[in-house]
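Note sheet for the following structure.
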Amino acid sequence: MSSSVEVQVVRGGCHHVPYGATALDVLTLEDEKRLADVYAVKVNGVVDDLSVPLRAGASLEFLTRADEETLEILRHDTAHLMAQAVKSLYPETKVSIGPVIRDGFYYDFARDKPFTPEDLERIEARMHELVAEDYAIERLEVDRDEARRVFTDADEPYKVEILESIPEDESLRLYRQGDFIDLCRGPHFQSTGRVGGAFKLMKVAGAYWRGDSSREMLQRIYGTAWFDGKALRGYLERLREAAKRDHREMGKVMDLFHFQPEAPGAVFWHDKGWTLFGVLIDYLRQRQKQAGYEEISTPEVIDRSLWESSGHWQTFREHMFTTDTEDGRVFAVKPMNCPGCVQVFRQGTMSYRDLPRRMAEFGKVHRYEPSGALYGLMRVRAFTQDDAHIYCTPEQMEDECCAIVDMLLSVYRDFGFEDVRIKFADRPQVRIGSDEAWTRLEQGLLGALKRMKLDYTHNVGEGAFYGPKLEFVLRDALGRDWQCGTVQVDVNLPARLGAFYVGADGDKHHPVMLHRALFGSLERFIGILLEHYAGVLPLWLAPVQGVVMTITEEANDYAEKVCAAFRSKGVRMALDIRNEKIGYKVREHSVAKVPYFVVVGAEECREGTVAVRSSKKGAEQQSRPLAEAVAALAQEARMPSGVPSQENV
RNA sequence: GCCCCUGUGGCUCAAUUGGUAGAGCGACCGCCUUGUAAGCGGUAGGUUGCAGGUUCAAGUCCUGCCGGGGGCACCA
């Protein structure tokens, strides 16, 4: 009997093909001219190779460059191509894994000698040769024993280890191009020639085998790949643009802060940076006051015994700075504010009627972070948290969580962040407290998210040692994610540190303690802000909101008067009466990202006016009476919540 | 902490195969009195991150430490 199967092409025809026919065969039948445009196929919605044998009733959708999945395959192919090139140039190298990542791919290799930048060039050149040689990429379905034999014979121990960790019931597949064979679930293009030439190897880095720091370190080569040179160049250009908005660079050109070797991971804030810091605190103080918070401040250096009671000494010791004093006591510099806050809560007897109590603290904490983790303002060893602890009854917990999340998202909106990712982190391996308590708290947080109808991702085992948490993540210029806000629920610390309230039943109870931060770290938030705005901060945040510049020295007295007028209305105005041409001054303050220029010359002196313009390129300048200009700018500089911008010039 | 790269005046960068440090900007001093992104001239400023080593000779090569960058791991 003829064993043919019937398949349907999406937006195409229905075909009868012999049993064993492939998607490629169908494509040839369908429209031979499309062969060059089609790279892969979706069979019943699943992306696969064009060489996939078809079953009866299959629905086929051919994928071209226009499909997102195709670009992923291209990058995966490029990773294999790189591994093939590496093996051909450096046969002693062992291969491991090579996945697709955002904008590209990487492949981890084991080799005694490090890959140098010159090696990367050689590898890249070899990759281009392999593309030109256009090897067929063959798909081989094999059983476990055969696969094990292949990689044992090839002396590829990492591949064998991966093989062993794949569940028994899963099928295995190999791909071969030339003499290079890889264990891979695919899919791939039909030949190496289809990869084209728009790829670039970017950097070498160390990476632990299987992400485990107790295992050996492999060499990871990162690359990027695109369908054409234009897309590749565009990507490289985007990287250059992103690097320009690096907050460390902004810190320099805007004169905000610096670091130096004697205090690794600790910020030296300059006047302008500290002004910005102060604006953030002023803003939050207003918001917190409106939301019914108290504000406290607790000691930075506290005796070891308190940290033992709180559990930090047992679980957080390696991250703590300690100090010995001549009386033989051991103190720790606080890595967290919570134990101190509980001490304030414990003063006096609390009634359930006093709850919830919302206690905020702009607490500066120190954590001994691994040296390799330090990164500008984003990851430091000393930072200021906009911390708060809310003590409430179990019944109040969900409402309080909702109020925090609501406030957090509203605050982020005020700063121009609309797209906020939320992660839910549950119990970690190392933790304190009973499993029942953990379950209750995790349910509480999830309940709040559900009520607020918010999407989130689940971070398994990433909670704090004392309780589960919600994390609010913002993204920096280079696409890295940073956790800023957080809400954590905790019933352990109140118990450990003896925090009580007297309930309606007349008995003592431990309150639920919510730990929350909106910015998380003011340092980090400032870093993100700088990158988000490429230094061009909204007026209310700009450390210097405007600068009064003179044309000639005969306007000096008037300029001082003008500057004072702005300052008296709370506008952070600088004065530039240097003996320089106006073009020189304009350029300098443009580079420093000052939002407004106020120019005064002979004419303005005479008329009692000022020439104002925004520093944005091509902005119109406007000549207007001084009082009018002051009122307008003061109005525009107000904080988003309606609170006037602070006066501190 | 681990891997790779890297460290030159305040900043950005030069210095042929190892031959004993240069420029621009900035600063300072003058001149210019200026109308919206760099006016002109002059002066000062560096034991080339630190400590060793190799060499007749080290900014250039080697080792260690410290910092920085890119990753990994860890995390706000």
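When reading the values below, keep in mind they use all heavy atoms of this one structure, side chains included, and skip hydrogens, waters and symmetry mates. Just so it is clear, the structure is predicted and the values come from calculations on it, not from any experiment.
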- Message: For a quick check, with a 4.0 angstrom heavy-atom cut-off, what is the B/S/- contact string for nucleotides 59-76 of chain B, read 5' to 3'?
- Response: --------S-SBBBBBBB
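Within a 6.0 Å radius of CG in A:Asp212, other residues, nucleotides and ligands contribute more than 12 heavy atoms. Taking a 6.0 Å sphere around CG of A:Asp557, one finds it holds 12 or fewer heavy atoms contributed by other residues, nucleotides or ligands. By the neighbour-count criterion of 12 heavy atoms within 6.0 Å, atom CD of A:Glu418 is densely surrounded, having more than that number from other residues, nucleotides or ligands.
Base pairing of B:U55 is not made with any nucleotide, judged by Watson-Crick or G-U wobble geometry with both donor-acceptor distances under 3.5 Å. In a base pair of the Watson-Crick type (N1 to N3 plus N6-O4 or O6-N4) or a G-U wobble (N1-O2 and O6-N3), with each distance short of 3.5 Å, B:G1 is matched with B:C72. Summarising the base pairing, B:A23 is matched to B:U12 through a Watson-Crick or G-U wobble pair whose two defining distances lie under 3.5 Å. Using N1 to N3 plus N6-O4 or O6-N4 for Watson-Crick, or N1-O2 and O6-N3 for G-U wobble, each under 3.5 Å, B:G39 pairs with B:C31.
Within 4.0 Å of A:Ile582, counting heavy atoms only, lie sugar-phosphate atoms of the nucleic acid but no base atom. Residue contacts shown for A:Ala611 include a base, since a base heavy atom lies under 4.0 Å away. Across all strands, A:Gly601 comes closer than 4.0 Å to base atoms (heavy-atom distances).
Proximity of a side-chain donor or acceptor of A:His366 to a complementary backbone N or O of A:Phe321 within less than 3.5 Å is not detected. Side chain of A:Tyr558 to main chain of A:Ala602: no donor-acceptor pair is present (N/O by atom type, distance under 3.5 Å, no hydrogens or angles). The backbone N or O of A:His532 lies less than 3.5 Å from a partner atom in the side chain of A:Arg245, making a donor-acceptor pair.
What separates CZ of A:Phe109 from C1' of B:C3 is a distance of 16 Å, to the nearest Å. Separating the NZ atom of A:Lys581 from the P atom of B:A38 is a distance of 11 Å, rounded to the nearest angstrom. Atom pair A:Lys113:NZ and B:C5:P shows a separation of 12 Å (rounding to whole Å applied). For A:Glu553 and B:G35, the CD to P distance is 14 Å, given to the nearest whole Å. If you measure from atom CD1 of A:Ile551 to atom P of B:U36, you get 8 Å, rounded to the nearest angstrom. Counting to the nearest Å, the P atom of B:G10 and the CZ atom of A:Phe268 are 16 Å from each other.
B:G45 and B:G26 are spaced 12 Å apart, taking the C1' atom of each and rounding to whole Å. Annotation: B:U20 and B:U33 have their C1' atoms spaced 48 Å apart (nearest Å). B:G24 and B:C61: their C1' atoms are spaced 31 Å apart (whole Å). For the C1' atoms, the distance from B:G10 to B:C72 is 35 Å, rounded to whole Å. Spacing of P atoms, B:G9 relative to B:C2, comes out at 28 Å, to the nearest Å. Across the P atoms, B:C56 and B:U16 are found 23 Å apart, a figure rounded to whole Å. Nucleotides B:G59 and B:C50, compared at atom P, are 11 Å apart to the nearest Å. Taking the C1' atom of each, B:A21 and B:C5 are spaced 24 Å apart, rounded to whole Å.
Each of A:Lys334, A:Arg317, A:Gln314 was checked for a side chain to side chain contact (heavy atoms under 4.5 Å, CB included) with A:Trp307, and the lone residue meeting it is A:Lys334.
Between A:Tyr90 and A:Phe109, a ring centre-to-centre spacing not shorter than 6.0 Å is recorded. If you look at A:Tyr466 and A:His515, their ring centroids are closer than 6.0 Å. The aromatic ring centres of A:Phe417 and A:Phe525 sit less than 6.0 Å apart. Between A:Tyr107 and A:Phe105, the distance from one ring center to the other does not fall under 6.0 angstrom.
Counting only heavy atoms from C-beta on, A:Val591 has its side chain closest to B:A37 among B:A37, B:U36, B:G35.
Salt-bridge check for A:Glu400 with A:Arg358: passed, with a basic side-chain N closer than 4.0 Å to an acidic carboxylate O.
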What protein N or O atoms touch nucleotides 42-47 of chain B N or O atoms at under 3.5 angstrom, if any, and at what distances?
none

Heteroatom pairs (N/O) under 3.5 angstrom, protein to nucleotides 25-29 of chain B:
from	atom 1	to	atom 2	distance (Å)
B:G26	OP1	A:Tyr584	OH	2.9

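For the residue pair A:Glu216 and A:Tyr158, a side-chain donor N or O sits within less than 3.5 Å of a side-chain acceptor on the partner.
Of the side-chain N and O atoms in A:Lys585, none sit less than 4.0 angstrom from OP1 or OP2 of B:A38.
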